[in-house]
Structure formats: C-alpha cells, structure tokens
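Below is one structure, written out as structure tokens; the observations come after it.
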Amino acid sequence: MIIGTFIFYFVLFIVVFSIPGLRNSEKSNTSFKFLAIPALFGVGMAFLSLIKVYFVYKLLALVFVFVTGLLSYWQWGKQIRRWWN
C-alpha cells in the first residue's frame, strides 16, 4: 500500500515538474535532479500517508515547504544557483 502511494505521488510530481516552463532542457546533467526532486516529494507524501495525515494537510505541508524553499532561495540564491549548475 505504501509503495503504491509513493508511486502515485512520484508520477504526479514527475508530471508537474515536466512542464516545459519549469524545466531547462539545455543541460545534460539535469536528469538526476529531475528524478530526485519528485522522488523526495513522493517519499515525503508517502510518509505523511503512513501517519494518516489528510490530503488537505499534505497540501498545506507542501505549501509550507515551497514557501520555506522560496525564502531560502531568496536568502541564499547565489549559492543555490552555483550548486544547481
């Protein structure tokens, strides 16, 4: 059951992150990052399913992680861009 939940969220996040405006296809080393980020989100959502957190709270947790990531990027954007390239 938990592996099915992981696969569902992994495929969902692959679809979301494969939107052409979000992905830069010029770089050749992005396949690992393209699969690693949805895998981490999928593991997080599967873990939240394991502890019986409702779907609304999962979305709120994702919004919280997104806002935290955005603020982190705002603070340390230069270092993140250097790591990403």
Exercise. Do the side chains of Val11 and Ile3 join up, straight or via other hydrophobic residues, at under 4.5 Å, putting them in one cluster?
Worked result: yes
For this session: Hey, could you give me the NZ/OH distance between Lys78 and Tyr73, rounded to the nearest 0.5 Å?
Result: 11.5 Å
For this session: Drop me the distance from Tyr9's OH to Phe47's CZ, to the nearest 0.5 angstrom.
Result: 14.5 Å
For this session: Check whether Phe41 and Val67 end up in the same hydrophobic cluster, where Ile, Leu, Val, Met, Phe, Trp and Tyr are linked by side-chain heavy atoms less than 4.5 Å apart.
Result: no
Exercise. How many angstroms lie between atom CZ of Phe10 and atom OG1 of Thr5, to the nearest 0.5 angstrom?
Worked result: 14.5 Å
Exercise. Under the side chain to side chain contact (heavy atoms under 4.5 Å, CB included) criterion, do Phe64 and Leu60 qualify, and how do the steps go?
Worked result: CA-CA 6 Å; Phe64 176 75; Leu60 288 175; over 6 Å; no
Seminar exercise, completed: Shortest non-hydrogen pair, Gly42 vs Phe6, comes out as C-CD1, 3.5 Å
